[in-house]
Each structure stands twice: as C-alpha cells, then as structure tokens.
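Each chain gets a letter, A, B and so on, in the order its sequence line appears, and its residues count up from 1.
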Amino acid sequence: MIKKEVCRVVSQQEIAESIYELTLQGDLTSEMGDPGQFVHLKVADGIDPLLRRPISISSINKEKHQFTMIYRKEGRGTSLLSDKKSGEDVDVLGPLGNGFPVGKAIEGDTALLVGGGIGVPPLYELSRQLVEKGVNVVHILGFQTKDVVFYDKEFSELGDTFVATVDGTYGYKGFVTDVISSYGIDFDILYSCGPTPMLKALEKSFPDKKVYLSLEERMGCGIGACFACVCHTGDDPNGYSYKKVCTDGPVFAAGEVVL
Amino acid sequence: MNKLQVELPGLSLKNPIMPASGCFGFGKEYSQFYDLSELGAIMIKATTVEPRFGNPTPRVAETEAGMLNAIGLQNPGLEKVMAEELPWLSQYNVPIIANVAGSKEEDYIEVAREISKAPNVHALELNISCPNVKTGGIAFGTIPDVAKSLTRKVKEVSEVPVYVKLSPNVTNIIDIAKAVEEGGADGLTMINTLLGMKLDLKTAKPILANRTGGLSGPAIKPVAIRMIHDVSQHVSIPIIGMGGIQSAEDVIEFFYAGASAVAVGTANFVDPYICPTIIKELPDLLSKLGYDHISECTGRSWGKHEKLAYYRA
C-alpha cells in the first residue's frame, strides 16, 4: 500500500562527490517489498520547489522502520534534500513502483548486478535479499571517475565486485559492458539500473538470458494518474499500448518496453 | 447546513471541489487514498474517439512554482472509456464531468454524443484549449466563430449540459467566452494551461520532447483570477475556475473572481489528499470570513453575488 508519511532523518552524509546517503525513519518502511521501489519526496514545505522528487530505495531495515536512499545532489530539490540533518523531517509518498523480482532467482543461481552511476543504489538492497536466499551475486559497478565511486566496499562484502571508471582513475578503465566481455562472467540472471545506453547495450547483449532493467523518467504524480512517464511496449512499439515507469515499472523484463 | 452545496447546470454538487481533467486519470490511482464519493465531482481525463498514445517523453518539467506538461491527450479511446472506466467510477456517489477532445469537429461530436449517454456523466467539458496536440484542441479555442460553431454542434448531440474549457493563450478571452455562450454553452471552465517552454542548461534545447508544454500550478493563478474576473462580468453562465489552486483560501479567491465551483489539478501531485483536505477546511474558513454559504462569495470582487444567489442549493 502507498502511504504518505512525514519521516524523520536518522542520518545523512556525503559519501562521494555530490553523492549523499540519507536514512529516514518511518512506518511506511513496513510496506516496502521488492528492492528497486522508489519514494516520492517533498523536500521542502511550500512551492519552491513544487513537485516531489522520485528517489530509489537503496536499503531497507524493517526491524528499525528505517530505509536508506543514495542520490546525487544536482538541482534545486536534491540540493535542499542534501541540507537535511538528523531530526529534521521529509514528507514521503511511497513505496512506489514494482522492484526487481527477487523471486526469479533461485538458490544456487548466479545473479549479475550491473549498475551505472546513480543507478547503483537500488542494487544494494537487491544484492542483500539475493544473498539471503542463497544466490551468488557478482557486481559490476560503473562510474564516471574515482571521485564519484561509492559503496564498492559494501558490495564487496556481499559478493565479487568489479568497479569500472570511464576515465580509468579507479578500477578498470571503460564501461561495465567492457568488463563483462573481458572477464567472460557467466550468470543465470541479470539485474541492472543505470543510463539508458547502458541498459540498451545489456538488453542487446543477452537476448537469451533472464534480464531485468530499472528505468527512469521524469515524473509528475508518481502514482500513475498523470501519464508523464509512459513508454511503448515491446510488442507494440509504434501503437498506443503503454506502460508507466512509476507504476508498471520502474523495473521491466528486457524487451517488455521500448528503451 | 451544508455551506458547500451548489447547484450548477447538470451538476448537483455536495461541494464545489473537483479534480481537474488530466490530473486525476479516471480516478483509480487516487481512489487508493480516499473515498472518491467525498468529491463534489470528478473531471476525468480527456477522451478521444480513438485511443491515443500521446507525445514522446520527457512530457513534464518543473518550473518556478509550476510545471510544464505535454502529455498529448493520451487516453484509451471512447470505447474503452464507455466500457470500463466510466462503469468503474459508478461505484462512487460522484458526478462525472467528461472532458471531450478531438482533432476534427466530427470527432468531438461523436465522443459527445456517446459519452453523454453514460449514466454517471452529468456534464461534458469541451476541450478546445489543449495546447499539446498538433490539430484540434487549442485550434478550436482561439477563434470565436469556430468555438461558437463547435459548441453549438456538441450541444445538439449531448444529452447533458456542456461546459466549454477556455484557453488563456488568446488575445481576448472575453470574446471566446461570449461566443461559446452564444453557441449555447451551459457553463465555462477556465483556465487551461498557459503555453510555455523550458531549456536545458547543458544542451541548450527544450527539456520537453514536444518542445512546448502547458504551464500549470501556483504560477498561473494570477492569470486565471484576472481572466475569470473579466469573463464573469460578460457572461451569464456559471464558471468552474481553475489554475494553481492549492488551498481553501485559493478556492475563495477564485469564487471572489467569479467562479461558482473550482477544480484542483497540479496540487494533487504534491499532496494526494489535497481535495478532501480543502473540502474539510472550507466550512471553517467561510465562518471565519463571515459567510453562511460559499455561493455568497461568487463574484464578490465586482458585485456579482447580488445577482447570483440562485446558485445556492
């Protein structure tokens, strides 16, 4: 169920250049399910900025009723969000959307988790839930440069982790797709989140595998009423069939929608 | 006493608050948050003859105290709206105002004829003001004679009263308003969105794939208030006012300008509970301001209330 709740900031810290890790406390945590859902945040009272910001959930702690997000400080909304300190409030609408299907991986499977930049955060909770059910996880995390790398240590604790930077200042030089082909990583199921060109490349590279992709799109309401975030379906790419990233997604099976 | 009950052509409203077309889908999403029967009415998403996919994304961009949208009238088409969306809504005790859109006159007429037969459709909202489609929409709403002619033809086939939704993207909105009144409109809804654009600092290009979009939200309220203040002094038919409403105070301001009911659009995205919240807050606000009934506020900015006491239920 979707709830609207004023949640309390437990902690916030900058973990890489302009990358913030924010933990909130709220009862709506108990509504969270598959990793990869998001919340729609009102970062300030009043009309500046007006709209909510959709931010992915990167980890869930149901016992403590806490959840964590990792986001990039970029525009007005995320800048205000990054100023919030422990004890302050954030108005949260969520959890929203359908996350990565953890149920599609079975014990003993190898799951490949591929993240690009600020697409990496939702993969963290996914990895934890997969490991908990006995799935082997391999992570390939791609970033622009060393200054914006985050959570490589946290992912390493869950499974083999390869980090790539576009400029080669940390880890392997190149894109995540270069890493996969160089190292011939074998897997049963692939989950990914990141820039659209990366998702397209993965969709094209593994047509015979179980692949799940998390999309993003500019949103209005976040709950499926306004039709801002639609995409064409894979089986009707030029017709009027559609899926909404906020409610049918943000996670789709490869080929389900047109990227 | 229900201080909020109002009677408009076709519409017996328990309160004058309704979600605006395009901001509420066909009700399913917001029904998760509250009982839709609490609303005065629901203005459903525009319906066209054929299903429409709408514009490429990005379709929305935030602006200062507002947002741009270029959805492009995406909707499942007349058949599906009649077969599924409207029947689903009939479980709620709330009159539906069906927004009718099209590219050609024949399209508007066909939708109006059919959709006005649905038992829970109590009025039509003739969409001659959508700025986000290449043909139809705003093209019909910028020339008085064209608007009058279309209104007349829709009135001929509709089984329920017809409200015409006016565009602010015109030189003189009073001319359009008078023309559609002459065409037989039972009421007006105004304003639709203002044509706007936002450019990306990195690419220099428009953020919206459609390049332009409609501006909504608090930023447009002064424009809506001015236009309603002007139009209401030149027509005798009631006005459902909209444009940036976010609070009970805003509602009263729209009534003072000349509205007899109001619609809330963009504010739903910010607070899904905004409509029932405003409905709950209005009676106390009316008491505080010294009014026994909300209809006393209509047109107070220029003296209309003395003439329009009959809108009070």
Side-chain angles (χ1 to χ4, degrees), chain A residues 1-6 31 40-54 74-78 91-96 196 215-233 236-249 257-259, chain B residues 19 22-34 44-46 48 50-77 80 201 207-209 213 216-219 221 244 246-247 265-274:
Chain A
M1 276 198 61
I2 299 172
K3 302 275 186 204
K4 175 169 139 23
E5 185 183 348
V6 176
E31 305 288 335
H40 217 17
L41 307 181
K42 182 97 178 80
V43 303
D45 289 335
I47 58 177
D48 176 28
L50 181 67
L51 299 178
R52 290 178 180 265
R53 270 44 185 168
E74 188 129 15
R76 177 107 183 106
T78 45
D91 183 332
V92 180
L93 182 64
L96 300 176
T196 306
L215 272 52
E216 64 172 356
E217 185 56 79
R218 280 180 187 260
M219 292 179 183
C221 67
I223 61 167
C226 74
F227 289 93
C229 65
V230 301
C231 40
H232 286 279
T233 56
D236 184 23
N238 300 305
Y240 55 79
S241 305
Y242 64 89
K243 298 265 182 184
K244 296 168 182 166
V245 174
C246 66
T247 34
D248 299 306
V257 296
V258 175
L259 296 178
Chain B
C23 301
F24 212 71
F26 294 93
K28 288 199 172 92
E29 297 80 16
Y30 285 98
S31 70
Q32 298 171 87
F33 297 96
Y34 56 89
I44 55 174
K45 174 78 190 182
T48 52
E50 296 297 327
R52 284 180 58 93
F53 183 81
N55 290 328
T57 58
R59 293 177 170 183
V60 293
E62 187 184 68
T63 58
E64 284 68 20
M67 62 175 286
L68 292 170
N69 91 78
I71 307 297
L73 294 181
Q74 178 163 17
N75 76 94
K80 184 148 183 232
L201 195 63
I207 301 243
L208 300 180
S216 66
K221 193 177 76 158
Q246 293 199 107
S247 65
T266 303
N268 290 286
F269 303 164
V270 181
D271 178 5
Y273 295 99
I274 192 66

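Heavy-atom pairs under 4.5 Å with chain A were tallied for B:Gly27, B:Gly66, B:Ala267, B:Pro56; the largest tally goes to B:Gly66. Put simply, of A:Gly46, A:Cys229, A:Gly220, the one with the most heavy-atom pairs under 4.5 Å next to chain B is A:Gly220. In terms of heavy-atom pairs under 4.5 angstrom with chain A, the leader among B:Thr63, B:Asn69, B:Val270 is B:Val270. Highest contact tally toward chain B, considering only A:Lys3, A:Arg52, A:Lys42, A:His40, is held by A:Arg52 [criterion: heavy-atom pairs under 4.5 Å].
Here the shortest heavy-atom pairing between A:Tyr242 and B:Gln74 reads CD2-NE2, 3.1 Å. Considering all non-hydrogen atoms of both residues, A:Leu50 and B:Ala65 come closest at CD2-C, 4.1 Å. The minimum heavy-atom distance between B:Val60 and A:Ala228, with the atom names listed, is CG1-CB, 3.4 Å. Shown here for B:Cys23 and A:Ala225, the closest heavy-atom pair between the two residues is O-CB, 4.3 Å. The shortest non-hydrogen separation linking B:Glu62 to A:Leu51 is OE2-N, 2.7 Å.
No side-chain heavy atom of B:Leu208 sits under 4.5 Å from any side-chain heavy atom of A:Arg218. In this structure the side chain of B:Phe33 reaches within 4.5 angstrom of the side chain of A:Ile2, judged on heavy atoms. The shortest side-chain heavy-atom distance between A:Cys221 and B:Asn268 does not fall under the 4.5 Å cut-off. By the 4.5 Å heavy-atom criterion applied to side chains, A:Ile223 and B:Tyr30 are counted as neighbours. Counting heavy atoms from C-beta outward, B:Pro272 and A:Leu93 have side chains that approach closer than 4.5 Å.
The CZ atom of B:Arg52 sits 12.5 Å away from the CZ atom of A:Phe227 when rounded to the nearest 0.5 Å. Rounding to the nearest 0.5 Å places SG of A:Cys246 at 8.0 Å from CD of B:Glu29.
At a 4.5 Å heavy-atom cutoff, the contact between B:Thr266 and chain A is made by side-chain atoms alone. For A:Ser241, the part sitting under 4.5 Å from any heavy atom of chain B is the backbone (N, CA, C, O) and nothing else. Residue contact with chain A, scored on non-hydrogen atoms closer than 4.5 Å, is absent for B:Phe26. Of the two parts of B:Pro58, the backbone and the side chain both hold a non-hydrogen atom closer than 4.5 Å to a non-hydrogen atom of chain A.
Under the 4.0 Å criterion applied to side-chain N and carboxylate O atoms, A:Arg76 and B:Glu64 are not assigned as salt-bridge partners.
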Review point. Does the side chain to side chain contact (heavy atoms under 4.5 Å, CB included) test come out yes or no for B:Phe53 and A:Val230, once each step is laid out?
Key: CA-CA 9 Å; B:Phe53 183 81; A:Val230 301; 3.8 Å; yes

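Other residues, nucleotides and ligands contribute over 12 non-hydrogen atoms within 6.0 Å of the CD atom of B:Gln246. Residue B:Gln32 qualifies as enclosed at atom CD: its count of foreign heavy atoms under 6.0 Å is above 12.
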